[in-house]
Student: 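For reference, the structure I am asking about is given below.
For clarity, every value in this text was computed on a predicted model and none was experimentally measured. Along the sequence shown, residues carry numbers from 1.
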Amino acid sequence: MNIVIFGAPGSGKGTQSERLIERYGLHHISTGELLRDHIARETELGKVADAFISKGNLIPDELMLDILEHELDAHPDAKGVIFDGFPRTIPQAEALNKMLEKRGTKVHAVVGLEVPEEELTRRLLKRGIDSGRSDDNAQTIAKRLDVYRRQTEPLKEYYNSRQAYHPINGSGDIDTIFNDITRIADSLA
């Protein structure tokens, strides 16, 4: 079972991914966490990625796909994967399809966490204060949400046309959101 957790920055992708991992035993691939790890370790990849991320931009597809390919190869026996923060563009979605087809599988569902932009901004500013993440400041948040609208939001229609997109109200109670997601995941099993 391969699930894409989809939504704008601050929509709760990481929170819901953690709960899905616990319930279904899936391997979690968070491109944000992978990139932050490389940045913290100051790898060459991390230095390149940081130059894009610190300005609120997406990193180049080729770089992200290399990271993802390596991560999938490192966990060949996983029951399935939760993709958190990937794909972010239609070319990435097409590349992911090819990557999974090579492994005899596919994206089974795209769970879209729908949250109003004002709430996203509020959540991200709070997260920046709580966690100290440098990319959670007002200027970078506005840029990230703009990039999301222009480059990532078109994926809704891409996956909707493939009957894979499942919108979920991402506002409100974490347990209610999780229950809505598990209804979708249980229908895939």
Student: Regarding N2 and T105, do their side chains bring together a donor and an acceptor under 3.5 Å, going by distance alone?
Tutor: yes

Student: Atom CD1 of residue position I174 - does it have more than 12 heavy atoms of other residues, nucleotides or ligands inside 6.0 Å?
Tutor: no

Student: When clusters are formed by joining ILVMFWY residues with side-chain heavy atoms under 4.5 Å apart, either directly or through shared neighbours, do L34 and L100 land in the same one?
Tutor: yes

Student: Check whether NZ of the Lys or CZ of the Arg R162 lies under 6.0 Å from the centre of the six-membered ring of Y165 and within 45 degrees of that ring's axis.
Tutor: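 Cation-pi check for R162 and Y165: fails.
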
Student: Measure across E42 and K47 and return the closest heavy-atom pair with its distance rounded to 0.1 Å.
Tutor: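 Nearest pair, atom of E42 first, then K47: O-CE, 3.4 Å.
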
Student: Side-chain heavy atoms under 4.5 angstrom apart, residues restricted to Ile, Leu, Val, Met, Phe, Trp, Tyr: same cluster for M99 and V110?
Tutor: yes

Student: Any salt bridge (charged side-chain N to carboxylate O under 4.0 Å, His left out) pairs touching residues 164-173, not counting sequence neighbours?
Tutor: none

Student: Check for a donor-acceptor pair, side chain of H75 on one end and backbone N or O of D73 on the other, with a separation under 3.5 Å.
Tutor: no

Student: Going from CD1 on I3 to CG on L188, what distance comes out if it is rounded to the nearest 0.5 angstrom?
Tutor: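 CG of L188 is found 6.0 Å from CD1 of I3.
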
Student: When rounded to the nearest 0.5 angstrom, what is the spacing between CD1 in I67 and CG in D37?
Tutor: 10.0 Å

Student: Does K156 come within less than 4.0 Å of E153, counting only side-chain N to carboxylate O?
Tutor: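 A salt bridge links K156 with E153.
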
Student: Backbone N or O of D50 within a donor-acceptor pair of the S54 side chain at under 3.5 Å?
Tutor: yes

Student: What are the two closest non-hydrogen atoms of A93 and L155, and how far apart are they?
Tutor: CB-CD2, 3.6 Å

Student: Consider only side-chain heavy atoms of I, L, V, M, F, W and Y, link residues closer than 4.5 Å, and tell whether F86 and Y148 are in one cluster.
Tutor: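 Same hydrophobic cluster.
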
Student: Report the C-alpha distance between R183 and D180 in whole Å, list the side-chain angles of each, state the deciding distance to 0.1 Å, and finish with yes or no for salt bridge (Lys or Arg N to Asp or Glu O under 4.0 Å).
Tutor: CA-CA 5 Å; R183 275 195 284 284; D180 290 344; 2.3 Å; yes

Student: Regarding T140 and N137, do their side chains bring together a donor and an acceptor under 3.5 Å, going by distance alone?
Tutor: yes

Student: Taking atom CG of D146 and atom CD1 of I141, what is their separation to the nearest 0.5 Å?
Tutor: 13.5 Å

Student: Show, in sequence, the C-alpha distance, side-chain angles and deciding distance for E71 and T31, and conclude whether the side-chain contact (heavy atoms from CB on, under 4.5 Å) test is met.
Tutor: CA-CA 10 Å; E71 188 67 16; T31 53; over 6 Å; no

Student: Is the closest side-chain heavy-atom distance between E114 and N169 below 4.5 Å?
Tutor: no

Student: I want to check something: taking the side chain as every heavy atom from C-beta on, are D186 and Y24 in contact at a cut-off of under 4.5 Å?
Tutor: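 They are in side-chain contact.
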
Student: Please determine whether residues Y159 and V115 belong to a single hydrophobic cluster, defined as Ile, Leu, Val, Met, Phe, Trp and Tyr linked transitively by side-chain heavy-atom distances below 4.5 Å.
Tutor: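 Not linked; separate clusters.
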
Student: For E119 and S171, which I'm curious about, is there any donor-acceptor pair between the side chains at under 3.5 Å?
Tutor: yes

Student: Can you name the closest pair of heavy atoms from D136 and L124 and give their distance?
Tutor: CB-O, 3.3 Å

Student: Looking at side-chain heavy atoms only, is the closest gap between K55 and R144 below 4.5 Å?
Tutor: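 K55 vs R144: side chains apart.
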
Student: Quick check: does any side chain N or O of T89 sit under 3.5 Å from a backbone N or O of Q92, one acting as donor and the other as acceptor?
Tutor: yes

Student: Under 4.0 Å between a side-chain nitrogen and a carboxylate oxygen: does that hold for E18 and R23?
Tutor: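 No.
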
Student: Can you name the closest pair of heavy atoms from L20 and F178 and give their distance?
Tutor: N-CE1, 3.7 Å

Student: Please check: side-chain N/O of K79 versus main-chain N/O of M1, any donor-acceptor pairing under 3.5 Å?
Tutor: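 Checked: no pair found.
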
Student: Does the side chain of H108 come within less than 4.5 Å of K106's, by heavy atoms?
Tutor: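 Yes - at least one pair of side-chain heavy atoms lies under 4.5 Å apart.
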
Student: Main chain of G10, side chain of R123: is a donor-acceptor contact present, judged purely on distance under 3.5 Å?
Tutor: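 Side chain of R123 to backbone of G10: a pair is present.
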
Student: What's the verdict on side-chain contact (heavy atoms from CB on, under 4.5 Å) for M64 and R88, showing C-alpha distance, side-chain angles and the deciding distance?
Tutor: CA-CA 10 Å; M64 196 68 252; R88 292 189 181 198; over 6 Å; no

Student: Testing the 3.5 Å rule here: is there a donor-acceptor pair between the side chains of H38 and E44?
Tutor: no

Student: How close do K13 and L113 get, counting heavy atoms only, and between which atoms?
Tutor: N-CD1, 3.7 Å

Student: Quick one: does T176's side chain have a donor or acceptor within less than 3.5 Å of a partner on G172's backbone?
Tutor: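 Answer holds: no.
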
Student: How far does CG of D61 sit from CD of E94, to the nearest 0.5 angstrom?
Tutor: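 That separation rounds to 10.5 Å.
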
Student: Are V48 and I59 close enough that some pair of their side-chain heavy atoms sits under 4.5 Å apart?
Tutor: no

Student: Please find the pair of heavy atoms, one from L120 and one from P9, that lie closest to each other, and give the distance.
Tutor: CD2-O, 3.3 Å

Student: Look at the side-chain heavy atoms of Ile, Leu, Val, Met, Phe, Trp and Tyr, link any pair under 4.5 Å apart, and say whether L145 and I53 land in one connected group.
Tutor: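 L145 and I53: separate clusters.
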
Student: E69 and L65: side-chain contact (heavy atoms from CB on, under 4.5 Å), yes or no, with the steps?
Tutor: CA-CA 6 Å; E69 191 90 51; L65 293 169; over 6 Å; no

Student: Looking at CG of L96 and CD1 of I29, how far apart are the two atoms once the value is rounded to the nearest 0.5 Å?
Tutor: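 So the CG of L96 and the CD1 of I29 are separated by 8.5 Å.
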
Student: Any non-hydrogen side-chain atom of V81 less than 4.5 Å from a side-chain atom of F83?
Tutor: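 Yes. Closest side-chain heavy atoms under 4.5 Å.
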
Student: To the closest 0.5 Å, what do you measure between CD1 (I82) and CZ (R19)?
Tutor: 12.0 Å

